[in-house]
Each structure stands twice: as C-alpha cells, then as structure tokens.
Amino acid sequence: MTDIYERGSSLQKLLSTLKLNRERVPLETLKSVYRVPYEELKAQIRESVQEFVLLVACRHLLINPDFSLDEQTAVVQDAIDHSRIPKEIGRSITRDYDVPKIHRMALKLREEIEAALWPYIDRETCLVADLADIEKTPVIYNTLTRQVYQDGEWKDHPLDLRGTLLIYRKQEDAVLPGAALLQKGEQTL
C-alpha cells in the first residue's frame, strides 16, 4: 500500500503544479512561451496517472494458475480497453486535480477487471462436504479466494480442508453461479 500512497502523493504534487500554472499563466502563454516545460509536465502527469491507475487496478490480482497467464492477461487488457473509466479518469485529471477521486475510479476499474477474471477464479469453486458429518449440507467454497458463499455473497472464511470432500463442477456446468451450483448439487446428491 505504501507504494500506492507514495505514487499518489507524487501525482498530487504534479497536478498541483499544473493547476497553479493554469491559474497563474494564460493557457496561450503556456502553450507558446512555456511550451516545452508545459508539455513535459503534461507527459509526466500522463505517465504518473497511468502507473498509479495500473498499480491500484492490477496489483495483486488473483489469477488461476491452472489457466494460461497470457489468456488471463488478455482478459484483463480487454476489460481495460472496453471500460469507460480510463476516459473518465483522463477527463477528471485537469478538471478536478484530485488524486483521491482518481483512486476511487481506479478501484472501480479493478472491480471490472476482477469481474472479467471471475470465470477463471470461479473454476475453483466447489462444494465442501465434511466427511465426519456427511449429512451436513456442504458449503460453497472457492479454493483460490478462500471465501465461502453465504446469504447471497462471498465472505472471507478460510476452511481447513482436512477430512473434507471437495466436489467440483463438470466443465459444462462451469458457467453456473455459486447458488445454482448448490441447487444443482442438492438435486443430484
């Protein structure tokens, strides 16, 4: 997290400089007399924003090691390419000069990326049956996220999988959401 805050702080300084320049110097003067340093500042801001947003949106993304990294990377890139958020960030930079707002938008982009990667992560969702109490209803668990599906949402809850039976879906069932998996599992058990 420190790296995110450091980059955010550095970006805020650049945006503050840009804002001061635009408030104190007419835009035509910035574009003519101070063109070179003005363009360098804008380029530095673009690069800094891109690094900051990618750091927030892509750092420590969960991927499924059983599938091609190239394939999952392509899914991430496609999610970014089809998102409206990068354009919103671009418009916000010089309108708001607000790094916390950029951070919030980058977090929304991360949610879109995680949703795009979910089909890969969801392949590790299974029913966990306790072999010591086989009559007990199995829980829906994702072995990658270490979350349990309860009350319509995923909750952090690592399980001790010793003495359990993990029941994974067949490939053709892989598109079913977790709740449908439980219903389908109950119908076939």
Side-chain angles (χ1 to χ4, degrees), residues 1-125 142 144-147 149 152-156 174-175 177-178:
M1 270 316 220
T2 305
D3 199 27
I4 290 172
Y5 292 117
E6 289 172 2
R7 289 189 191 244
S9 176
S10 173
L11 175 58
Q12 189 63 62
K13 288 175 187 172
L14 292 170
L15 291 175
S16 294
T17 301
L18 178 64
K19 183 178 181 185
L20 277 173
N21 285 342
R22 286 185 170 177
E23 288 173 349
R24 295 180 179 173
V25 180
L27 190 57
E28 281 304 314
T29 306
L30 286 174
K31 289 182 175 181
S32 59
V33 176
Y34 299 109
R35 184 181 59 80
V36 172
Y38 181 63
E39 291 300 322
E40 287 173 355
L41 176 62
K42 289 188 337 183
Q44 195 175 4
I45 289 171
R46 276 191 300 276
E47 183 179 323
S48 185
V49 166
Q50 184 177 20
E51 289 173 359
F52 179 74
V53 169
L54 287 176
L55 184 63
V56 172
C58 296
R59 186 176 197 180
H60 301 302
L61 278 175
L62 192 57
I63 59 163
N64 189 328
D66 296 333
F67 290 88
S68 161
L69 180 59
D70 290 340
E71 182 179 344
Q72 293 176 81
T73 301
V75 167
V76 169
Q77 187 61 54
D78 190 57
I80 293 169
D81 291 345
H82 287 92
S83 176
R84 60 179 173 68
I85 293 174
K87 287 182 181 166
E88 288 177 14
I89 290 171
R91 286 190 296 268
S92 173
I93 291 169
T94 57
R95 182 182 61 224
D96 304 318
Y97 306 99
D98 186 0
V99 172
K101 184 174 183 177
I102 294 169
H103 187 256
R104 288 189 301 273
M105 288 189 277
L107 289 173
K108 286 181 183 179
L109 179 60
R110 182 181 182 90
E111 289 174 7
E112 290 180 9
I113 292 168
E114 287 173 338
L117 284 172
W118 179 247
Y120 295 95
I121 305 306
D122 192 37
R123 297 286 178 101
E124 302 305 318
T125 298
N142 187 289
L144 284 176
T145 64
R146 296 184 178 168
Q147 294 178 320
Y149 191 77
E153 63 183 69
W154 288 99
K155 299 178 181 177
D156 289 335
V175 294

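Side-chain contact between Ile113 and Cys58: present, with at least one pair of heavy atoms (C-beta onward) separated by less than 4.5 Å. Between Leu144 and Pro65, some side-chain heavy-atom pair lies under the 4.5 Å cut-off. The closest side-chain heavy-atom distance from Leu54 to Ile80 is below 4.5 Å. Between Thr125 and Tyr149 there is no side-chain heavy-atom pair separated by less than 4.5 Å. In this structure the side chain of Lys101 reaches within 4.5 angstrom of the side chain of Arg104, judged on heavy atoms. Contact check for Arg146 versus Asp156: no side-chain heavy atoms found under the 4.5 Å cut-off.
At least one donor-acceptor pair under 3.5 Å links the side chain of Thr73 to the backbone N or O of Leu69. Checking side-chain atoms of Ser83 against main-chain N and O of Ala79 turns up no donor-acceptor pair under 3.5 Å. Of the possible polar contacts, one joining the Ser16 side chain to the Gln12 backbone as a donor-acceptor pair under 3.5 Å is found.
Here the straight-line distance linking atom CZ of Arg110 with atom CG of Leu55 works out to 9.5 Å at 0.5 Å rounding. From Asp122, atom CG reaches atom OG1 of Thr145 across 9.5 Å, with rounding to the nearest 0.5 Å. Between the OG1 atom of Thr29 and the CZ atom of Arg24 there is a distance of 15.0 Å, given to the nearest 0.5 Å.
With salt bridges taken as basic N to acidic carboxylate O contacts below 4.0 Å, none links Glu28 and Lys31.
Ring geometry for Phe67 versus Tyr120: interplanar angle over 60°, hence perpendicular rather than tilted (30 to 60°).
Glu39 CD: more than 12 foreign heavy atoms inside a 6.0 Å radius. Crowding of Arg22 atom CZ: a count of heavy atoms from other residues, nucleotides or ligands under 6.0 Å exceeding 12. Within a 6.0 Å radius of NZ in Lys155, more than 12 heavy atoms belonging to other residues, nucleotides or ligands are found. Taking a 6.0 Å sphere around CZ of Arg95, one finds it holds more than 12 heavy atoms contributed by other residues, nucleotides or ligands. In the displayed structure, Lys108 atom NZ is contacted under 6.0 Å by at most 12 heavy atoms of other residues, nucleotides or ligands.
A donor atom on one side chain and an acceptor atom on the other are found under 3.5 Å apart for Glu124 and Asn64.
Nearest heavy atom pair, residue Val99 against residue Phe52, reads CG1-CZ, 3.9 Å. Between Ala116 and Val75, the shortest heavy-atom distance links the atoms O-CG1, 3.4 Å.
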